[in-house]
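The block underneath contains the structure these notes are about, expressed in structure tokens.
Atom set for the values below is all heavy atoms of this structure, side chains included, hydrogens, waters and symmetry mates excluded. Everything quoted here is computed from the prediction, not taken from an experiment.
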Amino acid sequence: MREINLRYVDERYDEAGCLTGFDIHCDEDYNFAYDVVDDIAEHDPLRRAMIWCNPEGEEHIFTFADMKRWSDKTANFLKEAGIGAGDKVLVILRRHYQFWFTALALAKLGAVMVPATFMLKEHDMVYRLNGASIKAVIATSAGDIADVVDASLPECPSVEVTILVEPAGAGLSAFDADGTPIAADGKLAGPALSGPEGICAQGIEREGWLDFNTCVRASSEDFERVSTRAADPMLLYFSSGTSGNPKMVMHDSLYSIGHLMTAKHWHNVRPDGVHFTIADTGWGKAVWGKLYGQWLMEACVLTYDFDRFHADEILDLIERYQVTTFCAPPTMYRLLKQESLEGHDISSLEYATTAGEALNPDLFAYWRDVAGITIFEGFGQTETPLTIGNLTNSTPRPGSMGKPVPLYDVAILREDGTRCNTGETGEICIHIDPRPAGIMMGYHRDPEKTAAAMHDGWYHTGDTAWEDEDGYYWYVGRNDDVIKSSGYRIGPFEIESVLLEHDAVRECAVTGVPDELRGHAVKATIVLAEGVAGTDALTRELQEWVKTQTAPYKYPRIIEYVDELPRTVNGKIRRVAIREADKQADVVEGLV
């Protein structure tokens with residue numbers, strides 16, 4: 001083990017082993033691909049970097065030497081295709097191992113990786129390609145995303161190169177009676193592609209597209225280091241905005257080091273462990289849990305290239321690969337609970353984390369009591385790494401985001417910029433004078449939105465919370481989502497958390513609807529658990545449930561039952577869409 005992480009941080013701890021100081025530093029030419037991955041490859045070549053598998057039965061165990069070799073070959077291919085420093089490359093690769101080859105290769109070239117989800121439609125694609133002046137697209141052949149790209153290209157003159165990846169499965173294969181994946185004529189799938197000879201072995205032809213696998217295999221593995229700067233743009237994400245067009249969040253290379261806080265002190269990743277974060281590579285959560293911090297810790301990540309989430313498969317993977325640390329959104333913890341842990345040996349699991357939505361107390365208690373696992377919550381954004389969290393050696397309070405991490409100076413501020421009192425709701429803000437490692441460079445090509453978010457020495461997150469007397473933060477909601485009713489400021493997050501504790505509720509979103517008397521009334525839009533019917537009696541029961549679990553004025557005066565909630569392409573609930581639909585429908589029925 002190289003203890004690479006200690007090159008870039010100075011840490012301080014208290015007597016209880018809790019982190020109290022975390023200062024980041026690096027050379028001007030720091031580059032994650034060269035200085036972390038290639039360094040490990042040179043000095044500890046057989047150290048495992050990633051275990052990769054798919055439902056078809058294909059499996060690969062990539063060492064850091066493998067990652068260096070394949071990323072060098074990929075970098076030579078992309079360089080030959082005309083991609084170089086500063087070029088922006090849209091990458092849509094689900095959970096294919098080619099994503100990691102590509103991410104490292106683009107970093108080595110000094111190009112900017114722009115990850116995206118495979119769920120984009122044509123108008124989404126056109127906006128992204130033109131908004132960022134994308135030069136090249138690297139996309140999966142799984143699903144219809146290549147069709148979406150082709151349909152968009154006539155409107156997108158900046159795109160010069162399109163590259164297609166054949167994943168040989170991705171969980172989309174049909175299976176015969178013996179459970180063997182059925183591959184297209186002349187192609188292989190499943191166990192036949194396992195092992196070194198199967199890597200990038202399956203080619204594909206499509207008019208106007210280069211074949212990634214074939215070209216990478218044919219490329220040289222000798223690649224000479226390109227000069228890059230840590231302060232140059234490295235990564236661009238389109239934020240999953242809940243209203244309007246998504247913003248373009250630009251990060252430099254220090255963002256990768258910022259995720260040492262995420263991996264080391266929140267995920268509790270160890271060099272001898274196996275970390276499993278469930279996230280598609282189109283989401284920012286993927287680099288939170290499947291790349292930067294984990295490899296800075298010289299740890300192995302597990303990647304499962306699936307299409308549909310099946311709880312039993314995830315539990316089997318934890319057992320099969322002896323996963324030690326695990327991170328998933330609360331929804332997936334709920335699905336794992338519904339599957340029941342009985343019959344699954346997850347004794348290897350030592351640590352679990354979650355973020356992104358409400359983790360209701362009964363789910364926290366279930367994992368603690370049944371699995372012996374405490375789930376540590378955290379908070380961050382596309383614009384940041386982990387900024388608030390229940391770190392290692394801390395004592396989580398169920399429902400709390402935790403405390404600000406030592407890397408950042410975080411405060412809850414009023415609209416006038418003054419600090420809120422204990423228990424007072426305000427906006428979560430991060431001090432940025434000077435801008436610390438990991439915080440975005442700004443919103444690409446949008447100085448007005450950048451100035452609106454980054455001013456007076458603070459980055460304004462747009463998220464609201466309150467702080468208790470012991471320094472724990474409690475999430476309230478997005479600024480736009482806070483409901484002002486009868487003089488109260490009501491956060492949807494708390495009500496959603498309470499509703500999710502009820503057995504009848506599978507998912508929910510809380511919004512405000514106009515009310516002449518109160519200004520706004522609280523509405524809950526609910527997806528019910530399987531087999532449960534939405535009746536007037538259930539509505540009254542849920543309303544009483546909320547009244548008994550939190551302040552009575554917060555209960556939902558309107559409850560609507562739906563089959564599914566509106567979401568962004570990145571999976572976040574679009575409360576704004578519910579509000580807009582209610583406004584058009586002039587919702588008042590059921591107001592009590």
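The residue from Asn479, Ile388, Ile428 that alone fulfils the side chain to side chain contact (heavy atoms under 4.5 Å, CB included) condition with Asp463 is Ile428. Of the candidates Glu298, Glu3, Glu11, Lys264 forms a salt bridge (charged side-chain N to carboxylate O under 4.0 Å, His left out) with just one, namely Glu11. The residue from Leu235, Val287, Thr281 that alone fulfils the side chain to side chain contact (heavy atoms under 4.5 Å, CB included) condition with Pro115 is Leu235.
With 3.5 Å as the limit, one finds a donor-acceptor pair spanning the side chains of His275 and Thr325. Between the side chains of His502 and Glu541, at least one donor N or O lies within less than 3.5 Å of an accepting N or O. In summary, the side chains of Gln549 and Tyr555 do not present any donor paired with an acceptor at a separation below 3.5 Å, with no hydrogens or angles considered. For the residue pair Tyr366/Arg368, the side-chain donor-acceptor check at 3.5 Å is not satisfied. Counting only N and O atoms by type, the side chains of Tyr255 and Thr384 include no donor and acceptor under 3.5 Å apart.
Judged by distance alone, with hydrogens and angles left aside, the side-chain atoms of Trp100 form a donor-acceptor pair with the main-chain N or O of Lys290 at under 3.5 Å. Judged purely by atom type and a 3.5 angstrom limit, Ser485 uses its side chain to pair as donor or acceptor with the backbone of His520. For the pair Ser239 (side chain) and Lys247 (backbone), a donor-acceptor distance under 3.5 Å is present. Judged by distance alone, with hydrogens and angles left aside, the side-chain atoms of Arg506 form no donor-acceptor pair with the main-chain N or O of Ile526 at under 3.5 Å. Asp316 contributes no side-chain N or O that, together with a main-chain N or O of His344, makes up a donor-acceptor pair within less than 3.5 Å. Judged by distance alone, the side chain of Glu580 and the main-chain N or O of Ala577 form no donor-acceptor pair under 3.5 Å. Counting only distance, with no hydrogens or angles, the side chain of Thr450 and the backbone of Asp446 share a donor-acceptor pair below 3.5 Å. A donor-acceptor pair is defined here as one N or O able to donate and one able to accept, closer than 3.5 Å; no such pair exists between the side chain of Thr324 and the backbone of Leu349. Of the possible donor and acceptor atoms, none in the side chain of Asp456 sits under 3.5 Å from a partner among the backbone N and O of Trp458. Using modelled atom types, one side-chain atom of Ser348 and one backbone atom of Val323 make a donor-acceptor pair closer than 3.5 Å.
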- Message: Could you go through Asp14 and Leu19, starting from their C-alpha distance and side-chain angles, then the distance that decides it, and tell me whether this counts as side chain to side chain contact (heavy atoms under 4.5 Å, CB included)?
- Response: CA-CA 7 Å; Asp14 64 17; Leu19 186 71; over 6 Å; no
- Message: As a quick check of understanding, evaluate side chain to side chain contact (heavy atoms under 4.5 Å, CB included) for Leu565 and Arg575, giving each step before the final call.
- Response: CA-CA 9 Å; Leu565 298 173; Arg575 294 181 183 86; over 6 Å; no
- Message: Could you go through Asp23 and Arg12, starting from their C-alpha distance and side-chain angles, then the distance that decides it, and tell me whether this counts as salt bridge (Lys or Arg N to Asp or Glu O under 4.0 Å)?
- Response: CA-CA 9 Å; Asp23 302 319; Arg12 296 175 295 282; 2.9 Å; yes
- Task: Could you go through the ring-ring contact (aromatic ring centres under 6.0 Å, His included) check for Tyr8 and Tyr30 one step at a time?
- Result: CA-CA 10 Å; Tyr8 303 110; Tyr30 163 79; 5.1 Å; yes
- Task: Assess whether salt bridge (Lys or Arg N to Asp or Glu O under 4.0 Å) is satisfied between Lys547 and Glu544, documenting all intermediate values.
- Result: CA-CA 5 Å; Lys547 287 181 183 179; Glu544 290 301 316; 3.4 Å; yes
- Give the intermediate values and the outcome of side chain to side chain donor-acceptor pair (under 3.5 Å) for residues Tyr459 and Gln381. CA-CA 12 Å; Tyr459 163 55; Gln381 299 180 311; 2.6 Å; yes
- Query: Does the side chain to side chain contact (heavy atoms under 4.5 Å, CB included) test come out yes or no for Val522 and Tyr553, once each step is laid out?
  - Reply: CA-CA 9 Å; Val522 177; Tyr553 67 83; over 6 Å; no
- Message: One pair to check against salt bridge (Lys or Arg N to Asp or Glu O under 4.0 Å): Arg557 and Asp515. What are the steps and the verdict?
- Response: CA-CA 11 Å; Arg557 297 175 183 272; Asp515 174 52; over 6 Å; no
- Message: For a salt bridge (Lys or Arg N to Asp or Glu O under 4.0 Å) check, start with the C-alpha distance between Lys337 and Asp362, then their side-chain angles and the critical distance, and finish with the verdict.
- Response: CA-CA 11 Å; Lys337 175 187 174 184; Asp362 74 321; 3.5 Å; yes
- Stepwise, does the side chain to side chain contact (heavy atoms under 4.5 Å, CB included) test hold for Thr262 with His267? CA-CA 6 Å; Thr262 307; His267 286 157; 3.8 Å; yes
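Counting only heavy atoms from C-beta outward, the side chains of Glu350 and Phe326 never approach each other to under 4.5 Å. Between Arg414 and Glu427, the closest side-chain pair of non-hydrogen atoms is not below 4.5 Å. For the pair Thr422 and Glu467, the minimum side-chain heavy-atom distance is 4.5 Å or more. Within the 4.5 Å cutoff, side-chain heavy atoms of Thr387 are placed close to those of Phe379. Side-chain contact between Met261 and Leu391 is present, with at least one heavy-atom pair separated by less than 4.5 Å. A 4.5 Å side-chain heavy-atom check between Met234 and Asp252 finds every atom pair outside the cut-off. Put simply, the side chain of Cys26 reaches to within 4.5 Å of the side chain of Leu254, judged on heavy atoms. Residues Pro396 and Glu377 have side chains not in contact (no heavy-atom distance under 4.5 Å, counting atoms from C-beta outward).
Heavy atoms of other residues, nucleotides or ligands lying less than 6.0 angstrom from CG of Asp10 number more than 12.
Closest heavy-atom contact between Trp367 and Leu336: CZ2-CB, 3.8 Å. Annotation for Ala49 and Trp295: closest pair O-NE1, 2.9 Å, computed over non-hydrogen atoms. Smallest separation of non-hydrogen atoms from Ile346 and Ala371: CD1-CB, 4.2 Å. For Phe32 against Ser256, the heavy-atom pair with the smallest separation is CB-OG, 3.9 Å.
Under the 30°/60° scheme for interplanar angles, the aromatic rings of His460 and His455 are found to lie parallel. Taking the six-membered ring where tryptophan is involved, the planes of Trp466 and Trp474 are essentially parallel, since the angle between them stays under 30° and well short of 60°. Classified by interplanar angle (parallel below 30°, tilted 30° to 60°, perpendicular above 60°), the ring pair Tyr351/Phe376 is parallel.
One finds the CG atom of Asp35 at 7.5 Å from the CG atom of Asp27 (value rounded to the nearest 0.5 Å).
Salt-bridge annotation for Asp39 and Arg7: present, with a side-chain N of the basic residue lying under 4.0 Å from a carboxylate O of the acidic one. Taking 4.0 Å as the cut-off between side-chain N and carboxylate O, Lys403 and Asp470 do not count as a salt-bridged pair. Ion pairing between Lys285 and Asp280 fails under the 4.0 Å rule for side-chain N and carboxylate O. Salt-bridge formation is not detected for the pair Glu339/Arg334: no Lys NZ or Arg NE/NH1/NH2 atom is positioned less than 4.0 Å from an Asp or Glu carboxylate oxygen.
Checked against the 6.0 Å centroid criterion, the rings of Tyr321 and Phe276 do not qualify as a close aromatic pair. Aromatic rings from Tyr237 and His251 are positioned such that their centres are separated by 6.0 Å or more.
Under a cutoff of 6.0 Å and an axis angle of 45°, Lys449 and Tyr443 do not form a cation-pi pair. Both cation-pi conditions hold for Arg95 and Phe306: the charged atom is under 6.0 angstrom from the six-membered ring centre and inside a 45 degree cone around its axis.
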